[in-house]
Structure formats: C-alpha cells, structure tokens
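Reading through the structure tokens given below for one structure.
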Amino acid sequence: MILLRYNVFTFVTGGEIDFVNVCNTHKGKNMYIFLLYFTLMLAIAQFNIVLPAETQENNELEMGVIKKPEKCDRSSRTGDILSVHYRGSLDDGTEFDSSYDQKEPFQFQLGTGQVIKGWDQGLISMCVGEQRRLTIPPHFGYGDSGAGERIPPNATLIFEVELLEIKDGPPPVNVFKEIDANADNQLSREELSFQHGIPCSTSGT
C-alpha cells in the first residue's frame, strides 16, 4: 500500500513530492487529499480484482452432455426409478467404480437420498439413451469422510452416466389416510394415540 501510494503520487506529479511543503498550502492540501483518495480507490479496485483470482474455488456441480437422443419421450424426475450404467473416477483419472465391469446396470430412486447429492441433482431431466458427465465437488459427494479405500476425503468425483430405463416410482404415502382409520377425514385423539402405540382413555383421564 505504501509503495503503491508513492508510485501513484510520482506518476501524477511527474516527480517526487515534499509532503510537508505541500500540506502547508491550501491548494497543496486539496491536491494531497485528491491524490490520497485516488490512491485508495486504485488500491480497492486492485484488491477486488486480485482477491477472487486467489480464493476462487469451484464448488458447483458441473453437468455436461456427452450424448443425447434426437427423440425424448420421457425425461427423469424426482421419484422415478432409474436404471443406469456409470463409470466413476477421481479428478486425477483414477477409476474407482464401474457398473460396466460388474456387467449389470445400477438401479435407484431419484431424488430420495439413495445416492449422493450430485447424482440426485445431476440426473434430473435426463432422457433414456442420454449420457452425461458429472463433475461433483466434495460436498455433493462423500465430503470430508470419503468412502472406503478408493475415495479419499474431500475428493472431486467424475462420473460418466448413461440412462438406460425410467420406471414409475412407488406412490408417496398419504400419512393422513394411514392414520384416519374410520375414513371420516378427521383425526381423533384415539387415532393419533393408536398411531403412536399409546392407549388413550375416552374419559379424558
């Protein structure tokens, strides 16, 4: 900051400044204040430009389409059962898992937490026959815990996923209807107590 201020003063005035003599005149004081303000603004601008370049980290899920069919009759959505083939690797290229090697597709329900967050978010609106490349940051993968010996803590994961089939998932459970035993669209004290396994006295005691 000191070096920057000296250089700016020298650049604007064309030479060195006797700050004591400058500050003893009204005109000099105004010039000093102007140059000081100009130097401060320049320093702030420089700080704002350099700081993001030094601290920026890629914390976002990245999705890239490798292949997409011309026709898409149905795309995946939360709750669907998906059947996929995949290949997973670390960002240094080390492969840690592949359904192709197991010769069997992997099946799961989308958006219900059965897989890592990067998959639940990265495979939405995908067509059968489509292939995607997912670059998954640690907090969308296995975080600072890692997974087994093959995935270290805070690992960025690269997945190539091919969607083979979409099936309807099970319908969501209507909790109200499960509790409302007499189907009167009202929940009595007895029904609530029975649901939790607590016998309820009708006498209010």
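Computed over heavy atoms, backbone and side chain alike; hydrogens, waters and symmetry mates excluded. In this text, all values refer to a predicted model and were calculated from it rather than measured experimentally.
- In this structure, F106 and D97 have side chains that are not in contact, with every pair of non-hydrogen atoms separated by 4.5 Å or more.
- Counting only heavy atoms from C-beta outward, the side chains of F140 and D120 never approach each other to under 4.5 Å.
- Considering CG of L123 and CG of L82, their distance stands at 7.0 Å, rounded to 0.5 Å.
- Looking at heavy atoms from C-beta onward, L90 lies in side-chain contact with L157 at the 4.5 angstrom threshold.
- In terms of modelled atom types and a separation under 3.5 Å, the side chain of R150 and the main chain of F96 share a donor-acceptor contact.
- Residues L110 and R77 approach most closely at CD2-O, 3.6 Å, considering heavy atoms.
- Across all their heavy atoms, V115 and W119 have their closest contact at CG2-CB, 3.6 Å.
- Hydrophobic cluster membership is shared by M63 and Y86, with clusters built from Ile, Leu, Val, Met, Phe, Trp and Tyr side chains linked at under 4.5 angstrom.
- Considering OG1 of T156 and CD of E62, their distance stands at 9.5 Å, rounded to 0.5 Å.
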Dump the intermediate steps for side-chain contact (heavy atoms from CB on, under 4.5 Å) on I116 and F159, then the final yes or no. CA-CA 12 Å; I116 58 176; F159 281 97; 4.1 Å; yes
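- Here the shortest heavy-atom pairing between L61 and Q121 reads CD2-CB, 3.9 Å.
- To the nearest 0.5 Å, atoms OG1 (T112) and CG (D80) are separated by 10.5 Å.
- Listed by chain and number, the residues in a side-chain hydrogen bond (donor to acceptor under 3.5 Å, both in side chains) with E70 amount to none (sequence neighbours excluded).
- Counting heavy-atom neighbours within 6.0 Å of Q102 CD, excluding the residue itself, gives a total above 12.
- From L163, atom CG reaches atom NE2 of H85 across 11.5 Å, with rounding to the nearest 0.5 Å.
- Linking ILVMFWY residues whenever their side-chain heavy atoms come closer than 4.5 Å, directly or via other members, places V128 and M126 in the same cluster.
- Going from atom CG of D92 over to atom CD1 of I158 covers 10.0 Å, rounded to the nearest 0.5 Å.
- Residues P69 and G129 share a closest heavy-atom pair of CD-C, 4.0 Å.
- Partners of I81 by side chain to side chain contact (heavy atoms under 4.5 Å, CB included), not counting sequence neighbours, listed by chain and number: Q107, Q109, K167, P170.
- Contact detail for I151 and Y142: the closest heavy-atom pair is CD1-CE1, 3.6 Å.
- The minimum heavy-atom distance between E130 and R132, with the atom names listed, is OE2-NE, 2.8 Å.
- Interatomic distance, CG of D101 versus CZ of R87, reported as 7.0 Å (0.5 Å rounding).
- Checked by atom type, the side-chain pair E160/Y100 shows no donor-acceptor distance below 3.5 Å.
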